Undergrad: 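Here it is, the structure, as C-alpha cells.
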Amino acid sequence: MMLEVKNLLVFFENALALNDLSIEVKPGEIVAVLGSNSAGKTTLMNTISGLILDRKKKEDRRNGERITIMGEIRYEGMEISQMWPSKRVVQGIVLCQERHPVFRDSDVLENLKIAGYLSTRRAMRERIEQIFRIFPLLERLKRRSAGLLSGGEQQMLAIGIALMANPRLLLMDEPLLGLSPLMQADLARAIAEICRTGITILLSEQFARPIMPIVDRGYVIENGTLVFSGTRDELMDNPEVKSAYLGL
Ligand SMILES: Nc1ncnc2c1ncn2[C@@H]1O[C@H](COP(=O)(O)OP(=O)(O)O)[C@@H](O)[C@H]1O
Ligand SMILES: [Mg+2]
C-alpha cells in the first residue's frame, strides 16, 4: 500500500472536521475523495501533506484555535503523522492546494523554475520538458505573467509547480473547481497522463462527474465521516452517489 490513513480524527477547537476516517491508496492508482462543501476534503489533504502541523504550531504559539489530530498516516509503511510537511515533500508527498497560489508577476517559466530551485539544472530542464509535454498550452504561454492566465491555465501551472517537486504521491484538492467543462475535460486527461508517468494520485472533488472517467476508486465523505467507498463502477451504480455527486 502506498498510503494508509487509519482512524483519522481532526478537531478544530470544538468542530469535528474528520471523524474516524480510514482510506487507502495503492501505487499507480487515481483515487477520489468526494464530498460536498465543508465535508472535510481540505482538512484531509492538509493532514496527509502535513500542512496541518504547521497550522497547529502557529495556533499553539499564539494561543489560538486548538487543533487536535489523532490516528495514523502510513506512507510506504512508514508512520508519518508527526513528520514535518517539508520532509514529506522530500519523501514524495506533494500537495497541489485548492486554488494553489502562483507568483502572479512572474511568468510561467519563472514560476516553474522557482518551484524547482533545489534541483540540478539538468533535472530542472527535464522536469519542465515533461510538464510541457503534459500541458502543451503552458509551453505556448511560458512567457506570460501568471497573473494574466485564465483560471484553467493557472490551475495547469499550479499542477506544474507541484510536479517540479518530483512527487510520487500527488495530492490535489479540488483541481477542477470553477473551471469550464472543456477545461475540466482537458485537465482530467492531463491528470490521467500524470498518473501514467508513474505518479500516484489522490484528489478531492465536490462535483464528481468530470473526474469519474479517470478515477479507479473513490471515497465519499459527509461531515468528515466515510459514507461510501468503492470502485468507479460501484460509485457510478450507487443511487445516492449518483444523485448527490454525479448530478444524474
Ligand atoms: N481552521 C478551521 N477552524 C475551524 N473549523 C474549520 C477550520 N477549517 C475547517 N473547519 C471546519 O472543518 C470542516 C471541514 O472543512 P474543510 O476541510 O475545509 O471541508 P471541504 O474542503 O470539504 O469544504 C468544516 O465544518 C469547516 O467549517
Ligand atoms: Mg476545501
Side-chain angles (χ1 to χ4, degrees), residues 3 5-25 30-73 80-81 84-85 88 93-102 151-152 154-155 158-159 161-162 169-179 183-184 187-188 191 201-212 215 217-229 235 238 240-241 243-247:
L3 179 74
V5 173
K6 283 191 202 158
N7 311 110
L8 191 63
L9 206 129
V10 178
F11 279 108
F12 291 105
E13 203 70 57
N14 297 311
L16 185 57
L18 293 177
N19 183 10
D20 199 29
L21 186 66
S22 298
I23 68 167
E24 295 181 342
V25 183
I30 300 181
V31 175
V33 173
L34 307 176
S36 55
N37 209 6
S38 72
K41 303 180 296 296
T42 298
T43 303
L44 177 64
M45 293 295 177
N46 290 351
T47 307
I48 297 171
S49 68
L51 276 189
I52 198 159
L53 294 182
D54 185 57
R55 176 74 194 279
K56 177 173 159 58
K57 189 173 161 194
K58 283 185 185 136
E59 293 291 334
D60 286 349
R61 200 182 284 148
R62 63 177 184 89
N63 242 322
E65 191 176 43
R66 199 166 52 242
I67 302 176
T68 309
I69 309 156
M70 291 191 273
E72 270 179 50
I73 307 171
I80 59 160
S81 54
W84 208 243
R88 295 190 204 187
I93 304 177
V94 179
L95 170 64
C96 184
Q97 283 177 268
E98 188 178 337
R99 299 200 178 86
H100 194 91
V102 295
Q154 268 187 34
Q155 185 59 275
I159 296 170
I161 288 171
L169 174 62
L170 179 60
L171 310 171
M172 289 192 264
D173 195 6
E174 298 204 55
L176 306 186
L177 185 67
L179 305 181
M183 191 54 99
Q184 289 181 330
L187 266 177
I191 292 169
I201 293 173
L202 177 65
L203 56 82
S204 77
E205 284 296 347
Q206 179 169 356
F207 306 103
R209 186 126 61 139
I211 207 74
M212 284 322 277
V215 159
R217 290 189 303 113
Y219 295 87
V220 179
I221 57 175
E222 282 171 13
N223 300 315
T225 305
L226 183 70
V227 294
F228 188 81
S229 76
L235 288 164
N238 181 282
E240 281 129 59
V241 173
S243 67
Y245 303 99
L246 293 163

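Both counts, for ligands and for their atoms, begin at 1 and track the order of listing. The basis for the numbers below is simple: all heavy atoms, side chains too, and nothing from hydrogens, waters or symmetry mates. Quantities reported herein were computed from a predicted structural model and do not represent experimental measurements.
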Undergrad: I'd like to know whether ligand 1 has Gly40 as a neighbour, heavy-atom separation below 4.0 Å.
TA: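 For ligand 1, residue contact (heavy atoms, under 4.0 Å) with Gly40 is present.
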
Undergrad: Count the heavy atoms of every other residue, nucleotide or ligand shown that sit under 6.0 Å from CG of Asn223, and state whether that count exceeds 12.
TA: no

Undergrad: Quick check for you: to the nearest 0.5 Å, what is the distance between Glu98 atom CD and Asp173 atom CG?
TA: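 Interatomic distance, Glu98 CD to Asp173 CG, rounded to 0.5 Å: 4.5 Å.
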
Undergrad: Can you check which of Glu205, Arg55, Glu59 brings a heavy atom nearest to atom 1 (N) of ligand 1?
TA: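 Looking at heavy atoms only, Arg55 sits closest to atom 1 (N) of ligand 1.
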
Undergrad: To check your reading of the model: name the closest protein heavy atom to atom 3 (N) of ligand 1, its residue, and the distance in Å.
TA: Glu65 OE2, 2.5 Å

Undergrad: Return the residue, atom name and 0.1 Å-rounded distance of the protein heavy atom closest to atom 9 (C) of ligand 1.
TA: Phe12 CE1, 3.5 Å

Undergrad: Just to be sure I'm reading this right: ignoring hydrogens, which of Lys41, Glu98, Glu13, Glu174 gets closest to atom 22 (O) of ligand 1? Compare them by their nearest heavy atoms.
TA: Lys41

Undergrad: Using a strict cut-off of 4.0 Å, indicate which atoms of ligand 1 neighbour a heavy atom of Thr43.
TA: 14 (C), 15 (O), 16 (P), 17 (O)

Undergrad: List the residues meeting salt bridge (Lys or Arg N to Asp or Glu O under 4.0 Å) with Glu174, not counting sequence neighbours, and say none if there are none.
TA: Lys41

Undergrad: At what distance is the nearest protein heavy atom to atom 18 (O) of ligand 1, and which residue and atom is it?
TA: Thr42 CB, 3.8 Å

Undergrad: Are any of the N/O atoms on Leu44, whether in the backbone or the side chain, positioned under 3.5 angstrom from an N/O atom of ligand 1?
TA: no

Undergrad: Should we say atom CZ of Phe207 is surrounded by more than 12 heavy atoms from elsewhere, each under 6.0 Å from it?
TA: no

Undergrad: Does Glu65 come within less than 4.0 Å of Arg55, counting only side-chain N to carboxylate O?
TA: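 Yes, charged N to carboxylate O under 4.0 Å.
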
Undergrad: Which residue and atom name correspond to the protein heavy atom nearest atom 12 (O) of ligand 1, and how close is it?
TA: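 Result: Ala17 CB, 3.3 Å.
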
Undergrad: When rounded to the nearest 0.5 angstrom, what is the spacing between OG in Ser81 and CD1 in Ile48?
TA: 12.0 Å

Undergrad: Please report the closest heavy-atom contact between His100 and Leu95, naming both atoms and the distance.
TA: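 The answer is CE1-O, 3.9 Å.
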
Undergrad: Checking side chain to side chain contact (heavy atoms under 4.5 Å, CB included) between Leu44 and each of Val10, Leu8, Leu171, which is the one that passes?
TA: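 Filter result, single survivor: Leu8.
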
Undergrad: Does the side chain of Arg88 come within less than 4.5 Å of Leu53's, by heavy atoms?
TA: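 Leu53 reaches Arg88 side chain to side chain.
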
Undergrad: For Ser36, is the nearest heavy atom under 4.0 Å from an atom of ligand 1?
TA: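 A heavy atom of Ser36 does come that close to ligand 1.
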
Undergrad: Any side-chain heavy atom of Val241 within less than 4.5 Å of one from Met212?
TA: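 Val241 vs Met212: side chains apart.
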
Undergrad: What are the protein N, O or S atoms, given as residue plus atom name, that sit under 2.8 Å from the Mg ion (ligand 2)?
TA: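 The answer is Thr42 OG1, Glu98 OE1.
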
Undergrad: Once rounded to the nearest 0.5 Å, what's the spacing between atom CD1 of Ile52 and atom OG1 of Thr47?
TA: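 The CD1 atom of Ile52 sits 3.5 Å away from the OG1 atom of Thr47.
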
Undergrad: Report the nearest protein non-hydrogen atom to atom 26 (C) of ligand 1: residue, atom name, distance rounded to 0.1 Å.
TA: Ser38 CB, 4.3 Å

